[in-house]
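We count residues from 1, following the sequence as given.
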Amino acid sequence: MIDVGYSDPYFLLSFPYNEVDLAKVKALPVRDWRKKEKIWRVHKLAALTLKNLPANWSKDAAEARERVERLLTYLVDFKFDQNIEAHDGLFPYQERGTRFLRYARKAFLNDDMGLGKTIQSIAAVLKANVDSCLILCPASLKWNWEFQFQKHFNIQPLVIHGNAQTRQEQWASDDVFKISNYDILTRDWEYIPRKWDAIIADEVVALKNGSAQRTKLARRLKSDIRYGLSGTAWELNLLEFHSIMQWIRPEILPNFWNFQRRYCSVDHWGKINGYKNLGELHLLTSPFILRRTKAEVLPELPPKIYSDIPLEMPEAMAKQYNALAGTYLHTLKEKGAKANPLTATIHMRQFVEFPSIIGYEDEVHPRLQWLKDVHEEAPKVVVFTFFKTSANKLAEIFNTKYLLTGDTPKDKRLPMVQEFNEQDRAILISTDAGRFGLDMVGADVIVHYGYFFNPATMIQREDRLHRIGQLSTVQVMRPFYTNSVDVGIRKIYMDRQESEHDFSEGSQMMSRLKLSMKDFEMLAFGA
């Protein structure tokens with residue numbers, strides 16, 4: 001029989017060696033063997049996985065398990081408590097989110113984009129009365145974080161920027177709140193304090209690659225409070241989720257290899273083709289993940305209305321496209337398994353936006369003419385494209401200074417969007433580099449000028465407008481050419497959107513749609 005003792009923060013499992021008990025212990029998802037003490041340890045936050053383990057519990061261990069189970073159950077129940085009054089100008093759901101973060105201390109706030117994750121995390125940290133807090137975020141969001149501190153809390157944080165000497169002095173300053181982009185971790189590591197009272201990681205998907213240097217360095221930073229923020233749960237696969245949770249709460253999950261073996265199914269070649277044991281994974285992680293959708297918490301938020309706009313290519317344009325699609329199909333057939341279908345689609349995707357980008361004529365261009373007509377009717381429009389060349393061309397055609405691409409200086413993005421929001425008439429052109437963290441509530445029409453395969457990317461575009469502060473219904477306009485790659489991609493991302501389930505909400509399935517070579521062959525003409 002297994003004996004269970006307790007020494008905070010671990011349950012200690014011991015037994016005379018026998019295969020039966022050893023198998024039971026090895027079957028636990030979170031455990032490690034202490035060779036010197038000859039004992040197995042299970043972190044207290046994995047207490048729920050011990051519930052059905054046949055064992056003799058010491059009095060201390062039984063009391064500890066009861067305390068921890070109460071805490072974990074409370075955290076889960078608290079997420080659904082609708083009887084919380086708002087304070088300090090917060091919405092009730094934001095007050096609930098703020099308290100959840102305070103109680104959980106290390107948690108993943110996974111609310112939909114536009115629900116105020118920034119405000120909730122700052123409010124939670126302020127309630128903790130910390131003396132040091134580091135905010136990590138993409139470089140494009142540093143100034144937005146500074147703005148949110150100033151606007152909502154009348155606090156002036158320190159934004160880490162400038163040359164190496166300036167940054168070294170900034171890291172050594174006694175400012176309580178410091179804001180830095182992830183990439184500075186690798187450049188300034190020798191100057192960065194290793195211990196903080198609190199760390200907030202915005203767009204925490206930046207830490208989804210466990211082998212990346214910035215992820216390794218972020219894990220070496222110590223803090224008693226840490227919050228990961230992201231609005232796109234379905235963009236993750238389980239191994240990326242593991243990497244993120246290894247930063248937020250490493251004690252509740254197995255190491256990488258055990259995690260992959262326990263929760264991922266692989267094919268004959270070792271490639272992941274599905275997931276398993278997700279109920280158990282949900283049991284371990286759900287107390288530390290809070291996800292709310294706009295539909296749940298902001299029923300008063302104006303809806304998104306989708307308008308699909310089928311367009312037909314003129315005969316000459318269709319002839320050029322058919323030749324291009326034929327080349328694409330020939331490439332797939334010739335290279336077979338060695339083909340890179342996603343790369344091969346690029347020219348077709350560029351063609352349907354601007355044929356001239358890849359050397360074709362586009363004197364008659366229905367998509368562009370349609371957009372001009374839309375802007376005549378809708379004075380304020382935000383247009384998204386995947387390609388920087390398309391964005392630059394659109395900005396030139398519409399003679400707009402509101403252009404957001406990866407080349408736009410990080411400290412210029414927020415002022416540009418704020419100025420755009422205040423205009424009576426304007427068009428803002430953006431690549432997907434502009435879809436993170438910028439509030440474009442000054443317009444209520446968004447155009448997907450070009451498509452991308454990942455539904456999370458498309459929704460991130462839309463939610464730049466569809467967020468708190470938006471007073472009008474958001475019109476999402478999706479032009480597409482019939483019998484083209486547009487239709488193929490629309491089918492793929494819409495199928496993904498319908499089939500993907502976020503396990504953090506309790507689903508028994510979280511998977512990415514796998515595309516076969518046949519699927520890629522169908523992309524060219526959408527059928």
Neighbour count >12 (heavy atoms, 6.0 Å) for atom NZ, Lys195: yes
Leu115 backbone acceptor or donor facing Tyr93 side chain under 3.5 Å: yes
Backbone of Asn237 reached by a side-chain donor or acceptor of Glu240 within 3.5 Å: yes
Shortest non-hydrogen contact from Ile199 toward Lys222: CD1-O, 4.2 Å
Any side-chain heavy-atom pair of Arg220 and Trp189 under 4.5 Å: yes
Heavy-atom check, side chain of Phe256 versus side chain of Ser243, under 4.5 Å: no
Sidechain-backbone polar pair: Thr73 side chain, Arg70 backbone, donor-acceptor under 3.5 Å: no
Between CD1 on residue Ile289 and CD1 on residue Ile248, distance to nearest 0.5 Å: 7.5 Å
Geometric class of the Tyr74/Tyr103 ring pair [parallel <30°, tilted 30-60°, perpendicular >60°]: tilted
CG (Asp8) with more than 12 external heavy atoms under 6.0 Å: yes
The single option from Arg292, Lys117, Arg291 passing salt bridge (charged side-chain N to carboxylate O under 4.0 Å, His left out) against Asp112: Arg291
Heavy-atom side-chain contact between Tyr275 and Ser265 under 4.5 Å: no
Student check: side-chain heavy atoms of Leu136 and Asp202 closer than 4.5 Å: no
Mutual orientation of the aromatic rings belonging to Trp40 and Trp33 [parallel < 30°, tilted 30-60°, perpendicular > 60°]: tilted
Verdict with supporting geometry, Asp224 and Trp196, side chain to side chain contact (heavy atoms under 4.5 Å, CB included): CA-CA 8 Å; Asp224 294 327; Trp196 301 79; over 6 Å; no
Verdict with reasoning, Phe259 to His242, per ring pair (Phe, Tyr, Trp, His ring centres under 6.0 Å): CA-CA 8 Å; Phe259 181 93; His242 177 265; 4.5 Å; yes
Note, Val4 side chain near Val42 side chain (heavy atom, < 4.5 Å): no
Heavy-atom closest contact (Glu280 atom, Tyr263 atom, distance): OE2-OH, 2.5 Å
Contact check, side chains of Phe108 and Thr285, non-hydrogen atoms, under 4.5 Å: no
Side chain to side chain contact (heavy atoms under 4.5 Å, CB included) between Glu203 and Leu141, intermediate numbers included: CA-CA 9 Å; Glu203 298 297 348; Leu141 301 189; 3.9 Å; yes
Asn154 atom CG, over 12 foreign heavy atoms within 6.0 Å: no
Lys178 (side chain) donor-acceptor with Ser173 (main chain) under 3.5 angstrom: yes
Evaluation steps, ring pair (Phe, Tyr, Trp, His ring centres under 6.0 Å), between His161 and Trp143: CA-CA 11 Å; His161 73 294; Trp143 310 105; 5.1 Å; yes
Salt-bridge criterion met for Glu251 and Lys44 (N-O under 4.0 Å): no
Thr98 side chain to Glu95 side chain, donor-acceptor N/O pair below 3.5 angstrom: no
More than 12 heavy atoms of other groups within 6.0 Å of Lys276 NZ: yes
Tyr10 backbone acceptor or donor facing Ser7 side chain under 3.5 Å: no
Any donor-acceptor pair under 3.5 Å from Asp60 side chain to Tyr6 backbone: no
Validation row: Phe15, Met1 side chains within 4.5 angstrom (heavy atoms): no
Test: Lys142 and Asp411 ion pair at under 4.0 Å: no
No-hydrogen, no-angle side-chain donor-acceptor test under 3.5 Å, Glu146 and Gln156: yes
Shortest non-hydrogen contact from Val68 toward Leu45: CG1-CA, 4.4 Å
Donor-acceptor under 3.5 Å (Asp188 side chain, Tyr191 main chain): no
Considering all heavy atoms, the nearest Lys106-Arg249 contact: O-NE, 3.2 Å
Test log, rule ring pair (Phe, Tyr, Trp, His ring centres under 6.0 Å), inputs Phe11 and Trp57: CA-CA 10 Å; Phe11 293 103; Trp57 291 76; 5.7 Å; yes
Shortest non-hydrogen contact from Ala107 toward Leu101: CB-CD2, 4.1 Å
Short side-chain to backbone donor-acceptor contact, Trp247 and Ala218, under 3.5 Å: yes
Close side-chain approach of Val125 and Tyr227, heavy atoms under 4.5 Å: yes
Asp183/Arg214 salt bridge by N-O under 4.0 Å criterion: yes
For the student: nearest non-hydrogen atoms of Trp145 and Ser121, plus distance: CH2-OG, 3.5 Å
Under 3.5 Å: donor-acceptor pair, side chain of Arg31, backbone of Leu28: yes
Side-chain donor or acceptor of Ser230 paired with backbone N/O of Val205 under 3.5 Å: no
Between Asp175 and Gln170: side-chain donor-acceptor atoms closer than 3.5 Å: no
Between Ser223 and Arg226, a side-chain donor and acceptor under 3.5 Å: yes
